[in-house]
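Read through the structure below, which is laid out as structure tokens, and then see the notes.
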Amino acid sequence: MCAARILYGKPVQEAILEEVRQGVEELAAAGLRAPKLAALLVGDDPASAIYVRSKTRMCSETGLDSEAFQLPSSTSTEELLKRIDELNHDAGVDGILVQLPLPEGLDTDVVLDAVDPAKDVDGIHPENVGLIVQGRPRFVTCTPGGIIELLERNEIEIHGKNAVIIGRSEIVGKPMAMLLMHRHATVTICHSRTQDLPGVARAADILIVAIGRDAMVTPEFVKPGACVIDVGINRVADRQRVEEIFGADADWQKFEDRGYLVVGDVHPAVAEVAGAFTPVPGGVGPLTIGMLLANTLRSARRRLGVGS
Ligand code: NDP
């Protein structure tokens, strides 16, 4: 029996996109152009291509312009920097997205640092990260920003609560910690060297898990009634592992159709202990795209002189 509240991402994403649509309409009513996102995809990673397609499709459904630039995997760092420089100087472009991961041989830090911080709608440029640390964000990093929206719009109290984050990446764990701290949570960040991880995690009222290991967080990590946010997206193609995780509840039809199942970092049995949790898929995933579009609107408003 599952008593926990399931926090779905879709309704929150829809609410964010509706606000973006309204913002785009306001620009149009003022005689201003639509916001524009430029997406750079290097190489032929199928998952990255799917992500870029869904981002540009979501843009057109929300009234934003977008353009995807597909570059071959042989692209050098210098060539990519040149393309970024062109987009930095293109007055019609408000947001620049470099789809990660980049192919081996490209210097990701150098590439991301080259994006104009005023167009860094992923919120990962060091200047934007610095502003997040100082509590005056220009663009909130998309996934952690989406998680804050999910918590706040579901009226999950953050103020004064113990928040534990497992994972210290630049795109999830670190900015997540800052956003929660600025909302007055007491924050602990864990990683691969943390001692007694289940014990530390059990102190959490809000447990955020961004590790990249299927079903690693089991009920022993979770205080009864805690809110558990599962960021992980893992493809499990091993039949025995699917059996271990899902037992009799495994969706074998989906497994046979696709050759894998998408599994979070949190074990399904956590639903029996948690007070609220996000499903995978369908939890955090949709929020990341919602925040990307919200950031692109924000950038356009600033650049068109109608927003701060
Ligand atoms: P990274 O690989 O950059 O970071 C993983 C973090 O987990 C590291 O800090 C690492 O610690 C920690 N970790 C790894 N193994 C353990 C362990 N056994 N015990 C404790 N900590 C551990 O991952 P990301 O943050 O980029 O992504 C995490 C997951 O979230 C992935 O599955 C990714 O696909 C997913 N994701 C989903 C998004 C969405 O929109 N839903 C967006 C972004 C990511 P250390 O630093 O010590 O190595």
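Just so you know, ligand 1 is whichever comes first in the structure, and atom 1 is the first atom listed for that ligand. Side chains are part of it too, since the values below use all heavy atoms of this structure and drop only hydrogens, waters and symmetry mates.
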Atoms in ligand 1 with a heavy atom of [X] nearer than 4.0 Å:
X: V284; answer: 41 (N)
X: G285; answer: 41 (N)
X: V172; answer: 25 (O), 43 (C)
X: H191; answer: 11 (O), 20 (C), 21 (N), 47 (O)
X: T143; answer: 40 (O), 42 (C)
X: L197; answer: 19 (N), 20 (C)

Does N162 use its side chain to pair, donor to acceptor, with the backbone of D205 at less than 3.5 Å?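 No; zero donor-acceptor contacts below 3.5 Å.
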What protein heavy atom lies closest to [atom]? Include the residue and the distance to one decimal.
atom: atom 25 (O) of ligand 1; answer: S169 OG, 2.6 Å
atom: atom 30 (O) of ligand 1; answer: V231 O, 3.5 Å
atom: atom 9 (O) of ligand 1; answer: R168 N, 2.8 Å
atom: atom 32 (O) of ligand 1; answer: I233 N, 3.0 Å
atom: atom 47 (O) of ligand 1; answer: S192 OG, 2.5 Å
atom: atom 15 (N) of ligand 1; answer: R213 NE, 2.8 Å
atom: atom 31 (C) of ligand 1; answer: G212 CA, 3.6 Å
atom: atom 40 (O) of ligand 1; answer: T288 OG1, 2.8 Å

When you look for heavy atoms under 4.0 Å from ligand 1, do you find them on the side chain of N234, its backbone, both, or neither?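 The answer is the side chain.
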Quick check on E104: does its CD atom have over 12 non-hydrogen neighbours (other residues, nucleotides or ligands) under 6.0 Å away?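 No, because the 6.0 Å sphere around CD of E104 holds 12 heavy atoms or fewer from other groups.
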Tell me if the OH atom of Y51 is crowded by more than 12 foreign heavy atoms within 6.0 Å.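 Counting neighbours around OH of Y51, 12 or fewer heavy atoms of other residues, nucleotides or ligands fall under 6.0 Å, so no.
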Nitrogen or oxygen of D265 less than 3.5 angstrom from that of ligand 1: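 D265 vs ligand 1: no N/O contact under 3.5 Å.
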Determine, using heavy atoms of [X] and all atoms of ligand 1, whether some pair is separated by less than 4.0 Å.
X: M216; result: yes
X: I171; result: yes
X: A210; result: yes
X: C190; result: no

From the options V200, I211, V262, select the one whose nearest heavy atom is closest to atom 5 (C) of ligand 1.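 Selected option, by shortest heavy-atom distance: I211.
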Regarding atom 6 (C) of ligand 1: of the candidates P144, C142, G167, which has the closest heavy atom?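 The nearest heavy atom belongs to G167.
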Salt bridge or not for [X] and [Y], using N-O below 4.0 Å?
X: E256; Y: R239; answer: yes
X: K82; Y: E78; answer: no
X: E244; Y: R241; answer: yes
X: R258; Y: D251; answer: no

Derivation and outcome, salt bridge (charged side-chain N to carboxylate O under 4.0 Å, His left out), residues E79 and R83: CA-CA 6 Å; E79 285 163 337; R83 188 55 73 94; over 6 Å; no
Nearest 0.5 Å, please: how far is OG1 in T143 from CD1 in I148?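 Rounded to the nearest 0.5 Å, the CD1-OG1 separation comes to 12.0 Å.
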Measure the spacing between CZ of R138 and CG of N128 and express it to the nearest 0.5 Å.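 So the CZ of R138 and the CG of N128 are separated by 5.0 Å.
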Measuring to protein heavy atoms, does anything land under 4.0 Å from atom 34 (O) of ligand 1?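 Flag for atom 34 (O) of ligand 1 set to true, protein heavy atom closer than 4.0 Å.
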Minimum side-chain heavy-atom gap R235-D214 below 4.5 Å: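 Contact flag for R235/D214 side chains = no.
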Which atom names give the shortest non-hydrogen contact between C190 and V200, and what distance separates them?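 Smallest heavy-atom distance, with atoms named: SG-CG1, 3.7 Å.
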Test K119 against D90 for salt bridge (charged side-chain N to carboxylate O under 4.0 Å, His left out), laying out the working first. CA-CA 11 Å; K119 296 187 179 186; D90 184 338; 5.9 Å; no
Keeping to residues at least two apart or across chains, list the salt bridge (charged side-chain N to carboxylate O under 4.0 Å, His left out) pairs with something in residues 35-54.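 Every pair satisfying salt bridge (charged side-chain N to carboxylate O under 4.0 Å, His left out) with a residue in residues 35-54: K36-E67.
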